[in-house]
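In the text below, chain A, chain B and the rest are named by the order of the sequence lines, each starting its count at 1.
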Protein chains: 2
Amino acid sequence: MARTTRPTLTHVAASAGVSVSTASLAFSGAGPVSERTRQRVLDAAAELGYAGPDPMARSLRQGRTGIIGVVFAERLRHAFRDPVAIALLDGLAEELGPVGPGLLVLTGNDERAGPSTEQLAAAPLDAAVFATCDLEEEPLVEPLRVREIPMVGIEGPRMPGVSLVDIDNIGASREVTEHILSLGHKRIAAVVLPWRPGRQRGFLDRARRDLSGSVVFADRLRGTEEAIGASVHAWEAAASTVEEGRAAGRALLDVDEPPTAIVAHSDLLAAGVIQAAHELGLRVPEDLSVAGFDGIDTPWLDPLTLTTAVQPMVEKGRIAGRMVTDLLAGRTPEDVLLPVHLRVGGTTAPPR
Amino acid sequence: MARTTRPTLTHVAASAGVSVSTASLAFSGAGPVSERTRQRVLDAAAELGYAGPDPMARSLRQGRTGIIGVVFAERLRHAFRDPVAIALLDGLAEELGPVGPGLLVLTGNDERAGPSTEQLAAAPLDAAVFATCDLEEEPLVEPLRVREIPMVGIEGPRMPGVSLVDIDNIGASREVTEHILSLGHKRIAAVVLPWRPGRQRGFLDRARRDLSGSVVFADRLRGTEEAIGASVHAWEAAASTVEEGRAAGRALLDVDEPPTAIVAHSDLLAAGVIQAAHELGLRVPEDLSVAGFDGIDTPWLDPLTLTTAVQPMVEKGRIAGRMVTDLLAGRTPEDVLLPVHLRVGGTTAPPR
DNA sequence: CCCCTCGGTCGAATCGTTTCGATCGAAACG
DNA sequence: CGTTTCGATCGAAACGATTCGACCGAGGGG
């Protein structure tokens with residue numbers, strides 16, 4: 001009587017005295033089954049210790065796993081340090097949660113590489129969301145395209161076969177910079193996001209600029225420069241973190257004639273800049289105006305509120321989730337461009 | 001010639017003029033195949049646009065998916081705000097990355113609930129890691145146990161069938177408190193982690209204490225009280241965040257005779273307490289000593305270094321990963337207790 | 001010169017479901 | 001009372017691979 005192997009639907013059906021197909025229906029509820037039969041099946045299952053239909057077998061038959069992959073082109077530790085990425089995931093989880101088992105996080109192990117092509121080719125996904133912005137350089141899209149797996153990109157370049165959730169990086173960045181300009185600032189510097197490929201820290205010179213960077217990062221710089229009408233003195237951060245912002249702040253501020261305003265292309269960078277300013281004895285916003293980008297919570301800056309471009313981070317995830325749902329239902333969602341709005345906080349003021 | 005459906009191994013084999021079994025071997029490399037044949041198969045595959053063996057079919061046959069589930073009993077947004085959880089995930093990913101497709105994050109959608117039982121029953125996992133500490137209250141273990149899925153718990157209570165990676169919460173917490181005592185402090189207060197169930201904010205009174213809280217949280221409190229030799233004046237935070245720490249700090253410090261030292265049971269809480277102290281015009285460590293727990297990076301406290309109990313966060317994940325590997329290989333790993341060491345920083349000093 | 005071995009290849013069984021079409025009895029209808 | 005209809009149930013065919021044992025020839029050892 002004792003079976004060493006786990007019970008299957010066949011065993012349950014036999015024990016309940018019904019056919020496998022009926023037993024299956026009893027579990028899935030996808031067909032007409034009399035209450036009595038259903039109960040017999042469930043009882044038999046309980047008695048045998050049957051845990052319900054095997055997910056793998058079910059997947060094979062149905063052709064889907066319910067798993068949505070989220071691709072990061074960074075090591076997990078770095079990707080998850082970014083509040084924007086977390087918010088995105090949260091929105092995604094919120095939208096997709098009830099649907100399937102969950103989110104499969106696909107990251108690289110390397111400091112800056114994403115998951116391997118083999119990993120992507122072998123992952124049991126129904127759809128994938130590219131959370132990183134450097135879509136075009138990624139050879140990661142190809143294996144999924146071959147498998148005909150629906151893909152959604154976040155703030156990436158437009159690519160055939162990849163639905164896009166985008167935000168108006170150029171416009172928002174321009175708006176922030178215009179705000180700074182309208183306050184009367186003349187000496188403005190920028191802290192830009194890491195310029196792919198090969199994140200490094202340092203002044204963004206001509207040569208570096210000419211490398212094709214990531215769309216997002218390039219767009220934010222472009223917005224700033226469009227507002228100024230000229231190229232801006234910029235420092236490139238190696239990552240979007242407070243520490244990097246601090247290093248940037250030090251480099252930009254600890255000079256003879258420091259800027260009176262710094263436009264940082266992320267809130268974390270801005271926070272670092274403010275910290276550096278404080279360390280150098282500069283007051284914000286009296287001696288230095290600082291603006292950020294993203295609109296994350298910055299309780300540690302309290303009582304200061306950061307002037308920044310607020311993007312709908314969680315909403316981005318939700319919309320991506322809805323796109324995934326649409327794609328899986330066979331519909332073709334249109335690309336979405338989400339609005340970003342300027343929030344004037346207490347970190348910007350007219351120059352003295 | 002045009003096929004509307006995606007090619008399968010059968011098509012590839014036919015096109016290459018070999019049997020399916022041989023084609024399979026050519027892909028998996030698990031058997032002797034002549035170089036010539038292998039090449040023919042790969043060529044045929046390329047020509048047909050065959051993306052490699054279907055993950056679901058492969059899973060069904062092999063009985064495993066390569067997916068490791070990570071269970072959080074919280075909404076993703078909250079779970080991922082905790083640097084300790086991120087570090088754990090990072091260590092896990094590092095250890096398991098090369099093995100399989102990735103980590104399946106299983107969270108609830110509710111503010112404080114984990115994934116549903118059905119979700120767990122239907123997830124195609126090879127093994128699961130419980131990242132939350134409240135293992136015992138979770139009905140989540142059961143569905144996985146029935147499915148005979150190997151489980152690893154982090155800092156949870158000892159449970160049959162669940163391998164454990166633990167840290168010495170009691171000892172470490174005692175050590176931190178002893179350090180405070182050795183500096184000569186008499187008026188000591190604590191900020192404890194949320195006391196399950198029903199996270200709320202407020203003084204930890206008798207009634208609340210008597211509820212069986214989570215092991216970790218209880219252990220850290222116990223360590224503190226063992227050192228003091230009496231029950232401690234404690235504030236319960238609703239979450240392990242800077243904001244909550246700040247609220248706690250306000251409540252504990254904005255009174256007639258405030259404590260001269262506060263032991264916070266997480267670094268984030270400690271950071272909040274320090275912030276609250278500053279807001280109240282208290283200097284750290286001159287007017288108030290503050291200690292934390294965890295040993296996360298706190299660049300924003302710079303130049304202050306937090307006095308804290310440093311736990312090997314990433315290592316915890318790595319070890320959990322190794323345990324998973326062992327379990328999948330049929331070995332039965334022993335439970336692990338990782339050391340935690342006191343790091344004396346600049347936030348603690350003798351009382352004035 | 002024969003037998004054994006071994007690399008390379010193949011057929012067929014199997015993994016555990018879901019699902020389609022057929023069947024069967026009973027109720028409903030004319 | 002015969003025919004339709006419909007709900008409940010069942011058999012059998014997928015789903016797309018892996019894997020085990022068998023087979024076949026060539027090369028090596030006796």
Side-chain angles (χ1 to χ4, degrees), chain A residues 3-41 44-45 48-66 121-126 146-149, chain B residues 3-41 44-45 48-66 121-126 146-149:
Chain A
R3 212 187 20 265
T4 166
T5 158
R6 287 230 313 291
T8 73
L9 196 53
T10 311
H11 299 132
V12 175
S15 161
V18 299
S19 72
V20 222
S21 29
T22 304
S24 172
L25 293 180
F27 273 101
S28 67
V33 179
S34 75
E35 192 44 47
R36 212 168 61 83
T37 317
R38 143 184 254 92
Q39 208 37 255
R40 257 222 315 280
V41 173
L48 293 178
Y50 177 71
D54 181 284
M56 307 176 205
R58 175 206 285 268
S59 297
L60 174 58
R61 182 64 240 243
Q62 299 191 141
R64 55 196 157 74
T65 56
L125 311 172
D126 287 356
V146 175
R147 288 176 59 192
E148 289 176 25
I149 289 187
Chain B
R3 212 187 17 265
T4 165
T5 159
R6 285 230 314 291
T8 73
L9 196 54
T10 311
H11 299 131
V12 175
S15 162
V18 298
S19 72
V20 224
S21 28
T22 304
S24 173
L25 293 181
F27 273 101
S28 66
V33 180
S34 75
E35 192 46 45
R36 213 169 59 85
T37 317
R38 146 186 250 92
Q39 208 37 256
R40 257 223 315 280
V41 172
L48 292 177
Y50 177 71
D54 182 285
M56 307 176 205
R58 172 205 287 266
S59 297
L60 174 58
R61 185 63 242 251
Q62 300 192 140
R64 55 199 157 73
T65 56
L125 310 173
D126 287 356
V146 175
R147 286 176 60 193
E148 290 175 24
I149 290 188

For this session: Find the bend of the helix from dC1(C)-dG30(D) to dG30(C)-dC1(D) as the angle between its two terminal axes (five pairs each), to the nearest 10°.
Result: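 Both end axes considered, the difference amounts to 40°.
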
For this session: Just call it for Thr37(B): base, sugar-phosphate, or nothing, with non-hydrogen atoms closer than 4.0 Å on any strand.
Result: sugar-phosphate

For this session: Look at all strands and tell whether Pro53(A) reaches a base, only sugar-phosphate, or nothing, counting heavy atoms closer than 4.0 Å.
Result: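 Answer is sugar-phosphate: Pro53(A) comes under 4.0 Å of backbone atoms only.
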
Once side chain to side chain contact (heavy atoms under 4.5 Å, CB included) is applied, do any residues pair with [X], and if so which ones, sequence neighbours excluded?
{"X": "Pro124(A)", "value": "Thr65(A), Pro55(B), Ile67(B), Pro101(B)"}
{"X": "Leu9(A)", "value": "Val20(A), Ala23(A), Ser24(A), Phe27(A), Tyr50(A)"}
{"X": "Arg40(B)", "value": "Val18(B), Arg36(B)"}
{"X": "Glu35(A)", "value": "Arg38(A), Gln39(A)"}

Exercise. Can you tell me how far the CG atom of Asp126(B) sits from the CE atom of Met56(A), to the nearest 0.5 Å?
Worked result: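 So the gap between those two atoms works out to 6.0 Å.
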
Exercise. For the atom pair CZ (Arg64(B)) and CG (Leu125(B)), what is the distance rounded to the nearest 0.5 Å?
Worked result: 14.5 Å

For this session: May I have the distance from His11(A) (atom NE2) to dG16(C) (atom P), rounded to whole angstrom?
Result: 8 Å

Just jot down the side chain to side chain donor-acceptor pair (under 3.5 Å) partners of [X], sequence neighbours excluded, or say none.
{"X": "Ser28(A)", "value": "none"}
{"X": "Ser15(A)", "value": "none"}
{"X": "Asp54(B)", "value": "none"}

Problem set entry | Taking every non-hydrogen atom, the tightest pair across Ala121(A) and Ala51(B) |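 Scanning both residues, the minimum pair turns out to be CB-O, 4.4 Å.
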
For this session: Taking all heavy atoms of Val33(A) and all of Ala26(A), pick out the closest pair and write down the distance.
Result: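 Looks like CG2-N, 4.1 Å.
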
Problem set entry | Members of residues 18-30 of chain B that approach DNA chain D, where some heavy atom sits under 4.0 Å away |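 Within this stretch, Ser21(B), Ser24(B) sit under 4.0 Å of the strand.
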
Problem set entry | Nucleotide interval of DNA chain D bounded by contacts with chain B (heavy-atom cut-off, under 4.0 Å) | dG16(D) to dT19(D)

Problem set entry | Closest-nucleotide 5' rank along DNA chain C - winner of Pro32(B) and Arg58(A) |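 Going by which nucleotide is closer to the 5' end, it is Pro32(B).
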
Tabulate atom names and distances for all N/O pairs under 3.5 angstrom spanning the protein and nucleotides 13-15 of chain C.
| unit_1 | atom_1 | unit_2 | atom_2 | d |
| --- | --- | --- | --- | --- |
| dT14(C) | O2 | Arg61(B) | NH1 | 3.2 |

